[in-house]
Protein chains: 2
Amino acid sequence: MEQTMKTIEIDESIYDLLLRNVNSFGETPSDVLARLLNLAPSGNGRRAASPTNQVSQETKTPIPTSPQNPIMGFLNSPDFLVHGYAVEKFLSILSWLYKRDPEKFAQVLLLNGRSRQYFGRSGEVLEASGNSVMPKRIPDTPYWVITNSPTQLKKQMMSDVMRLLGYDPASSRAAVDAVR
Amino acid sequence: MEQTMKTIEIDESIYDLLLRNVNSFGETPSDVLARLLNLAPSGNGRRAASPTNQVSQETKTPIPTSPQNPIMGFLNSPDFLVHGYAVEKFLSILSWLYKRDPEKFAQVLLLNGRSRQYFGRSGEVLEASGNSVMPKRIPDTPYWVITNSPTQLKKQMMSDVMRLLGYDPASSRAAVDAVR
DNA sequence: GAGCCGATCGGGGGGATGATTA
DNA sequence: CCTAATCATCCCCCCGATCGGC
């Protein structure tokens, strides 16, 4: 067990829970936790084989292919798949996001870069914040976005928008990957 | 909602797992654990048939999640969540603190390092106290802070500010953790 | 402004890292 | 001299916007 240990404080009720789940002599709180959380024990011993695990253990997100995710459905729909350019896809996704929750979408107005304003209620606002910003109206929406940016930045913007609007990482990743 | 706390040592891999499962600012390891261990079979739709993995808990008390004190509300608000950089978050929190009590905020002027002045009423004051100090105005505030410091020091500063302004440890910790 | 998209490259800033000092 | 904490240099990444490609 050559592992770095960390010390944390836990609520007594959790402590009790751990106690109740001690399975053999000599188990440390860490051992019990590892089992309960379904982690492979660090050094020794066996692990409880339990495939379905609720806890997100890795950063790797297995991308769901079926529309378990509302946005997946959209990203695979003809309406979206028509688009060829990254800009079109970018705008299209934003438009869909707006439609899903027009109120909350207003939050995107908070996003900006070092100097540029990323979103606005008019193209002029955006033009004022930088040069050759190429503002475009997000279709069927009262909002505008800047459009002159590396694809990588468009992805970044999409990621920020998704986070702000409260989407889960998987949906966010899907949307980001779709900007291309 | 005061609970006795217990201190335990856990494997670093578990610690990392907890970190990856932090859902909102201000959550303690205990909060995260509570959520993970408490997991109902499945939140949505189908249930994972994995009794092997089920935690024995006759605990009827739903384990408390993070208390909602005012600053946590802010830390989870769009206004704060927009920010990507540690500096931005740092400034944003300070701005919020100022707004809550502009008078008392003046206390921060007392904070300094070995040679550098940390806060001031102008950028020049701060520049005079060190090199490449990168003074920035705290938004919507007559105060400036130095900005060129390791994140760890920004956290320290935040901690000091919170203490000076009389915030409780939980709020302080939440603010400190949010600088990242 | 009006052709439009977006890669490329210059510039600037964040903040890690190594230096410095108590 | 050694350690811990602060300082500030400087690398790297990110953003901006020009300009090449279609």
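Each chain gets a letter, A, B and so on, in the order its sequence line appears, and its residues count up from 1. Since this is a predicted model, take the numbers as computed values, not measurements.
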Can you tell me how far the [atom1] atom of [X] sits from the [atom2] atom of [Y], to the nearest 0.5 Å?
| X | Y | atom1 | atom2 | result |
| --- | --- | --- | --- | --- |
| A:Asp160 | A:Leu110 | CG | CG | 11.5 Å |
| B:Leu97 | B:Leu164 | CG | CG | 11.0 Å |
| A:Leu111 | A:Ile146 | CG | CD1 | 10.5 Å |

Does anything in residues 110-130 of chain A come within less than 4.0 Å of DNA chain D? Heavy atoms only, and list the residues if so. A:Gly113, A:Arg114, A:Ser115, A:Arg116, A:Tyr118, A:Gly130
Across the strands shown, which category fits B:Lys136 at heavy-atom distances under 4.0 angstrom: base, sugar-phosphate, nothing? sugar-phosphate
Expressed as a whole number of angstroms, how long is the span from [X]:[atom1] to [N]:[atom2]?
| X | N | atom1 | atom2 | value |
| --- | --- | --- | --- | --- |
| B:Asp160 | D:dT6 | CG | C1' | 13 Å |
| A:Tyr85 | D:dC22 | OH | P | 11 Å |
| B:Asn131 | D:dT6 | CG | C1' | 13 Å |
| A:Met134 | C:dG6 | CE | P | 13 Å |
| A:Lys89 | C:dC5 | NZ | P | 13 Å |

Quick check on DNA chain C: between A:Ala86 and A:Val133, whose nearest nucleotide comes earlier from the 5' end?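 With A:Ala86 and A:Val133 compared, the 5'-side residue is A:Val133.
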May I have the list of side-chain donor-acceptor pairs in residues 172-180 of chain B shorter than 3.5 Å, sequence neighbours left out?
from     : atom 1 : to       : atom 2 : distance (Å)
B:Arg173 : NH1    : B:Asp177 : OD2    : 3.0

For residues 145-158 of chain A, which residues have at least one heavy atom under 4.0 Å from DNA chain C? A:Asn148, A:Pro150, A:Thr151
Whether the side chain of [X] engages the backbone of [Y] through a donor-acceptor N/O pair (distance < 3.5 Å, no angle test) should be reported.
| X | Y | value |
| --- | --- | --- |
| B:Glu88 | B:Phe80 | no |
| A:Ser77 | A:Phe74 | yes |
| A:Ser95 | A:Pro139 | yes |

Under a 3.5 Å threshold, yes or no: a donor from one side chain and an acceptor from the other, between A:Ser13 and A:Asp16? no
